[in-house]
There are 4 protein chains.
Amino acid sequence: MTHTEQVERRSGRPRSEDADRAIISATLDLLGEVGVTPLSIEGVAARAGVGKATVYRRWPNKEALIVDAMATLKGPLPRPAGRSLREDVMILFDSQMAGYEAARQRRIYACFMGEVGRHPELARRYINTVIEPRREVMRGVLRAAVARGELRDDLDIELMLHVITAPVLHWTMRDPERPLDKSLANRFLDVTLEGLAPRR
Amino acid sequence: MTHTEQVERRSGRPRSEDADRAIISATLDLLGEVGVTPLSIEGVAARAGVGKATVYRRWPNKEALIVDAMATLKGPLPRPAGRSLREDVMILFDSQMAGYEAARQRRIYACFMGEVGRHPELARRYINTVIEPRREVMRGVLRAAVARGELRDDLDIELMLHVITAPVLHWTMRDPERPLDKSLANRFLDVTLEGLAPRR
Amino acid sequence: MTHTEQVERRSGRPRSEDADRAIISATLDLLGEVGVTPLSIEGVAARAGVGKATVYRRWPNKEALIVDAMATLKGPLPRPAGRSLREDVMILFDSQMAGYEAARQRRIYACFMGEVGRHPELARRYINTVIEPRREVMRGVLRAAVARGELRDDLDIELMLHVITAPVLHWTMRDPERPLDKSLANRFLDVTLEGLAPRR
Amino acid sequence: MTHTEQVERRSGRPRSEDADRAIISATLDLLGEVGVTPLSIEGVAARAGVGKATVYRRWPNKEALIVDAMATLKGPLPRPAGRSLREDVMILFDSQMAGYEAARQRRIYACFMGEVGRHPELARRYINTVIEPRREVMRGVLRAAVARGELRDDLDIELMLHVITAPVLHWTMRDPERPLDKSLANRFLDVTLEGLAPRR
DNA sequence: CAATAATCGAGACGGTACGTCGCGTCTTGGG
DNA sequence: CCCAAGACGCGACGTACCGTCTCGATTATTG
């Protein structure tokens, strides 16, 4: 999974997988804590308890390191149940709000959003790699809801996707440390779903 | 308006107001371009075409400088016409999307949102000083709309405020350089207002 | 005697002669305390209790100021009695060892000697203006002593001048604060006048 | 020989001895060129072609650096032949007048002499470390000459030492770049050994 | 099992940006 | 017109941190 993917065994002492993991984890921590611009290899190595050369031996620069670190964020996607729109949406929300991993991801999301202007290429990769798959799941949920008649069929999916997710995401950015309260998420849904529900 | 507010005239050469303005403007530019953490007094002075000492003579550190720079962002608030909800909301949107000043403010907004976790105190001041007054205008708009029967009266204003503004604000963060297209803003409004409109 | 010598009266407030004196005196003090290179107009003005512009109005740079300050060091030359070589030499020594003015001059002498390499032009002027007149007095003393038969007539005056004065001057440089003890000066004279070789 | 003398090997990359040498040499050059007060670590680093941190890692301030730099000046002492006073003295003079190293040492000597008042502690160390050993050699030469009957035995060695060396040293200070002409040194010796008084 | 070779943490390297200070110049109000 | 006070742009200072490089020690594979 690292940048210097190797196929054939090389002689000499093999690279420590512990170091790999510690570096990636430190990178993700720091991405969420300080953002892309102030993140430095020095800081990553210190946080990982590893020599700087151990990082540079694997990745040529911080962009490459961040790209590889992001790849580990793809993780297992939430699987919507498909019974009702609201249930599916809450499953997706839940996966972003519970646990240490989710908190770190919220911090990273906020940092990338704040640095879109400085690091457009990295931000694009982050969106494509990490965010887009989740949006794709959500699109499936919305399409299924349209098919079941739970959502209007005269609006494009992208519009509905943004209107449903933006209140949650933007709320989260204002305090990434605290997960969004589930009842508040439900009240957001009440409003937006009302607007998106088919006119009878 | 500078940090070292002086009442009585001091002896010696008075401080240059040109320098004041250049420093504040450079600070706002850089706030939008690089954010809070990487902003440095050195960078501000260089951008302003001013000696570093000229900055340090006025503000003891970058936080104080940023606080004073933010104060100049309050600017004139947009005045809603009060004829219809949609017209008023579009007036408010417009004031954030047109002109160089608005573009700079969008960049600054994105930077502060991305650094809430690192500089909570500064972010809080920014919200209170710059954002909250505009939200207050929007609250007035919403209350008037409730009074006119254009919005449901069973929801609290804060909820409606967030649901209406979040899609616009979050869309903006994904590309602060380009102002939000007015027709897209209208489509967002179509959906959210439908959800917030009173049941007949 | 200042650099901007003026002949005709100019209109407006005349320049303060107090300031002139204070600046020159401060310059001489600092010349002796910090030397030529670290001496700054800022320091002179502060020591003189005068605005910096008041100095710059009179002298264009520190070299010109130092030149004029040195001119005031010429002072009244000691007048040898002409009765005996030893008495005359001790009169000259005395004038360099007694009083505040003499101590300052010793400090200045040490500083210039130490900075000959950095400021050869200033040092040359210093030698010509301040030191050379005193050496000229000493030459007269030596010539008279030769005429009286107190000194050999087969040596040139410059050589004798240097051999007699160097032990005193060099001793002084090793601790300019303390004036050379008169009895030690006498012992130096004993040796140079009589030599170190044993009398047969 | 560096300030942070280490006995046991420390982990990590060892400090470069090339850097040590370059820094010390640059310090000695600058000591002779600009003196103690204007000497700065920045200047030393630039002259040595070394990062400033490389200097500060070894010495905490310029005084400590100068002390260590002076220690390298002790060098090999001249060995007088012991056959005659004049020959021995000229050997000692020679060692201060020939070669690049000697020219640098003359410049340094002049600088320290000129800054005795500003840096008495450093000057004291310089005298003790660098000058005193050479004076001790000269004392041996003088004592041997006294024993051989070449010098009077009724004068103390310190007095003779000063009277013999001062003309040479003080002449040198007036132009440290040019070594003292050997024939002039001989004429100084002629006088001090024989005296200025006429032979009866 | 010894030799080899790549990796490890540690830390020194040259370079650069930081906030501070002091320089010589410039600009006020008041005498 | 002079004077003090002090702000101005500029640049040097000592510090901290960056990415790179280099050391002795460690750890698998190879002969």
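Note: hydrogens, waters and symmetry copies are ignored here, and every other heavy atom, side chains too, is used. In what follows, every chain begins at residue 1, and chains take the letters A, B, ... in the order their sequences are listed.
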Notebook entry, point to check: Would you say Asn61(D)'s side chain and Ala64(D)'s backbone share a donor-acceptor pair under 3.5 angstrom?
Noted result: yes
Check: Quick one: does Ser25(B)'s side chain have a donor or acceptor within less than 3.5 Å of a partner on Ala22(B)'s backbone?
Finding: no
Note to self: Using whole Å, what does the distance between atom P of nucleotide dT20(F) and atom CH2 of Trp59(A) come to?
What the structure shows: 15 Å
Check: Aromatic rings Phe112(A) and Tyr126(A): how do their planes relate, parallel, tilted or perpendicular, breaks at 30° and 60°?
Finding: parallel
Notebook entry, point to check: To the nearest angstrom, how far is Arg21(C) atom CZ from dC3(F) atom P?
Noted result: 13 Å
Margin query: Both Pro38(C) and Leu39(B) contact DNA chain E. Which one's nearest nucleotide lies toward the 5' end?
Written below: Leu39(B)
Notebook entry, point to check: Between the axis at one end of the helix from dC1(E)-dG31(F) to dG31(E)-dC1(F) and the axis at the other (five pairs apiece), what's the angle to 10 degrees?
Noted result: 10°
Next item on the list: Name all residues meeting the salt bridge (charged side-chain N to carboxylate O under 4.0 Å, His left out) criterion together with Lys62(B); count only those two or more places apart in sequence or in a different chain, and write none if there are none.
Entry: none
Note to self: I'd like to know if Asp20(C) pairs up with Arg58(C) as an ion pair, taking the criterion as any Lys NZ or Arg NE/NH1/NH2 lying under 4.0 Å from an Asp or Glu carboxylate oxygen.
What the structure shows: yes
Check: Which residues in residues 22-37 of chain D have at least one heavy atom lying under 4.0 Å from any atom of DNA chain F?
Finding: none
Note to self: Can you measure Glu42(D) atom CD to dA12(F) atom C1' for me and round it to whole angstrom units?
What the structure shows: 6 Å
Margin query: Taking only side-chain N and O atoms of Ser40(A), does any of them lie within less than 4.0 angstrom of OP1 or OP2 on dC18(F)?
Written below: yes
Item checked: Spacing of Asp18(C) atom CG relative to dC2(F) atom P, expressed in whole Å -> 16 Å
Notebook entry, point to check: Considering residues, nucleotides and ligands other than Glu121(C), do more than 12 of their heavy atoms fall under 6.0 Å from its CD?
Noted result: yes
Next item on the list: Assign a letter to each nucleotide of nucleotides 3-10 of chain E from its 5' end: B, base within under 4.0 Å of a protein heavy atom; S, sugar-phosphate only; -, no contact.
Entry: --BBBBSB
Next item on the list: Report the C-alpha separation of Val36(D) and Arg118(D) in whole Å, then their side-chain angles, then the decisive distance to 0.1 Å, and conclude whether the side chain to side chain contact (heavy atoms under 4.5 Å, CB included) test is met.
Entry: CA-CA 9 Å; Val36(D) 176; Arg118(D) 248 108 59 214; over 6 Å; no
Next item on the list: Taking salt bridge (charged side-chain N to carboxylate O under 4.0 Å, His left out) as the test, write out the residues that go with Arg125(D), two or more places apart.
Entry: none
Checklist line | Partner residues of Glu63(B) under the side-chain hydrogen bond (donor to acceptor under 3.5 Å, both in side chains) criterion, sequence neighbours left out | finding: none
Margin query: Without decimals, in angstroms, what is the distance between Leu65(C) CG and dG24(E) P?
Written below: 11 Å
Notebook entry, point to check: Can you check the Ile41(D) CD1 to dC13(F) P distance for me, whole Å?
Noted result: 10 Å
Check: What integer distance in Å separates Lys62(D):NZ from dT15(F):P?
Finding: 13 Å
Checklist line | Ion pair Glu33(B)/Arg107(B), N-O distance below 4.0 Å | finding: no
Next item on the list: Apply the test side chain to side chain contact (heavy atoms under 4.5 Å, CB included) to residues Leu65(D) and Ile23(D): give CA-CA distance (whole Å), side-chain angles for both, the deciding distance (0.1 Å), then the verdict.
Entry: CA-CA 9 Å; Leu65(D) 169 59; Ile23(D) 292 169; 3.9 Å; yes
